[in-house]
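What follows is a short report on a single structure.
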Protein chains: 2
Amino acid sequence: MTKPAPLLQGTLDLIVLQMLRAEPTNGYDLAQRIQTVSRDVLHVNAGSLYPALYRLEERGLVHAAWKETDTGRRARVYSLTAAGRKHLAAQRAEWERFAGALSTILKRA
Amino acid sequence: MTKPAPLLQGTLDLIVLQMLRAEPTNGYDLAQRIQTVSRDVLHVNAGSLYPALYRLEERGLVHAAWKETDTGRRARVYSLTAAGRKHLAAQRAEWERFAGALSTILKRA
DNA sequence: TAGCACTAGTTTGTCTAGATATATAGACGG
DNA sequence: CCGTCTATATATCTAGACAAACTAGTGCTA
């Protein structure tokens with residue numbers, strides 16, 4: 001097993017927004033999911049994730065609310081705002097443009 | 001025309017090494033080529049490129065030599081070392097793993 | 001031959017954001 | 001009641017991207 005790669009800077013927001021689009025959830029669960037969904041390729045550090053969530057909240061892209069989890073614990077549940085949805089679309093497009101361009105370069109003989 | 005995207009942190013080394021693999025050249029030309037090859041999607045800032053080249057040289061991944069260009073000017077011509085070639089292969093693999101994982105996440109319903 | 005634009009390369013200062021490490025606290029199992 | 005899991009929080013460190021200005025040589029052109 002190759003060890004989980006550190007995230008490329010700039011991609012964490014995109015990943016978080018995309019995950020929240022599917023379903024609102026809390027930070028801890030988010031980190032777990034990202035790792036699971038990426039089959040352990042992507043690993044999100046808690047110390048990276050929470051500051052990222054605060055930034056996103058401050059920019060109005062996500063909304064946070066204290067709730068009880070099903071296990072009866074308090075947790076901040078994050079959900080996408082309308083602005084967040086819009087931002088996600090833009091970020092996705094940019095990622096595709098970038099990945100496409102880089103892919104082109106890598107494929108050159 | 002969309003404006004050229006800033007590079008994702010961590011990808012500059014990969015791009016530079018890949019370009020040098022094809023042909024040794026100087027910094028200025030390198031920047032031009034990257035922009036051209038990516039059809040203006042990728043734009044490399046001189047202030048990012050030169051520090052990156054120094055780092056790569058220091059790590060023994062590229063070799064720099066003062067030469068005369070065809071226009072008779074002095075320029076530092078960079079070429080890949082054996083270690084650089086090896087490093088490039090590793091970086092490429094990691095990029096593919098990462099891009100693949102992110103792509104998977106983005107494709108989830 | 002003076003002026004100007006372009007090429008080649010450097011330098012500095014600033015900012016973003018992820019990594020690491022550590023702290024806190026409630027819930028649950030043994 | 002102790003340790004581990006869940007969950008959030010935060011301080012410090014670091015890489016590296018970017019803007020902007022600068023040096024210096026070259027060559028065109030008016």
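Predicted, not measured: the structure shown is a model, and the values here were computed from it. Order of the sequence lines sets the chain letters (A, B, ...), proteins ahead of strands, with each chain counted from 1.
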Legend entry - Hydrophobic cluster identity match, Leu56(A) and Leu49(A), side-chain contacts under 4.5 Å: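 Yes; Leu49(A) is reachable from Leu56(A) via cluster members.
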Legend entry - Joint cluster assignment, Val41(A) & Val37(A), ILVMFWY side-chain distance < 4.5 Å: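 Yes, one cluster joins them.
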With respect to the side chain of [X], which nucleotide from [options] is positioned closest?
{"X": "Arg76(A)", "options": "dT10(D), dA9(D), dA15(D)", "answer": "dA9(D)"}
{"X": "Ala52(A)", "options": "dA8(C), dG18(C), dC18(D)", "answer": "dG18(C)"}
{"X": "Leu7(A)", "options": "dA17(D), dA19(C), dA7(D)", "answer": "dA19(C)"}
{"X": "Arg73(A)", "options": "dA27(C), dT11(C), dA17(D)", "answer": "dA27(C)"}

Please report, rounded to the nearest Å, how far the [atom2] atom of [N] is from the [atom1] atom of [X].
{"X": "Gln32(A)", "N": "dT6(D)", "atom1": "CD", "atom2": "C1'", "answer": "9 Å"}
{"X": "Asp13(B)", "N": "dG16(D)", "atom1": "CG", "atom2": "P", "answer": "6 Å"}
{"X": "Leu12(B)", "N": "dC18(D)", "atom1": "CG", "atom2": "C1'", "answer": "12 Å"}
{"X": "Lys67(B)", "N": "dG25(D)", "atom1": "NZ", "atom2": "C1'", "answer": "21 Å"}
{"X": "Glu68(A)", "N": "dA25(C)", "atom1": "CD", "atom2": "C1'", "answer": "15 Å"}
{"X": "Asp29(A)", "N": "dC5(D)", "atom1": "CG", "atom2": "C1'", "answer": "14 Å"}
{"X": "Leu53(B)", "N": "dG16(D)", "atom1": "CG", "atom2": "P", "answer": "13 Å"}
{"X": "Tyr28(A)", "N": "dT24(C)", "atom1": "OH", "atom2": "C1'", "answer": "15 Å"}

Inset, instruction - Tell me, yes or no, whether the heavy-atom count around Glu58(A) atom CD, taken from other residues, nucleotides or ligands under 6.0 Å, exceeds 12. - result: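 For Glu58(A), atom CD is not crowded (no more than 12 foreign heavy atoms under 6.0 Å).
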Legend entry - Taking every non-hydrogen atom, the tightest pair across Gln18(B) and Leu106(A):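 Where Gln18(B) meets Leu106(A) most closely, the heavy atoms are NE2-O, 3.5 Å.
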Legend entry - Closest heavy-atom pair and its distance - Ala46(A), Pro51(A):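 Closest approach of Ala46(A) to Pro51(A), heavy atoms only: O-CD, 4.1 Å.
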Inset, instruction - Between Pro51(A) and Gln9(B), just flag the one whose closest nucleotide in DNA chain C comes earlier from the 5' side. - result: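 First, find each residue's nearest nucleotide; the 5'-ward one identifies Gln9(B).
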[X] side chain near [N] phosphate (N/O to OP1/OP2, under 4.0 Å):
{"X": "Asn45(B)", "N": "dA19(D)", "result": "yes"}
{"X": "Ser48(A)", "N": "dA19(C)", "result": "yes"}
{"X": "Tyr54(B)", "N": "dT10(C)", "result": "yes"}
{"X": "Arg55(A)", "N": "dG18(C)", "result": "yes"}
{"X": "Tyr50(B)", "N": "dT10(C)", "result": "no"}

Inset, instruction - Scan Asn26(B) against the nucleic acid and name what it touches under 4.0 Å (heavy atoms): base, sugar-phosphate only, or nothing. - result: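 Answer is sugar-phosphate: Asn26(B) comes under 4.0 Å of backbone atoms only.
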Inset, instruction - Classify the nucleic acid contact of Gly27(A) as base, sugar-phosphate or nothing, counting any heavy atom under 4.0 Å across all strands shown. - result: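 Result for Gly27(A) = sugar-phosphate.
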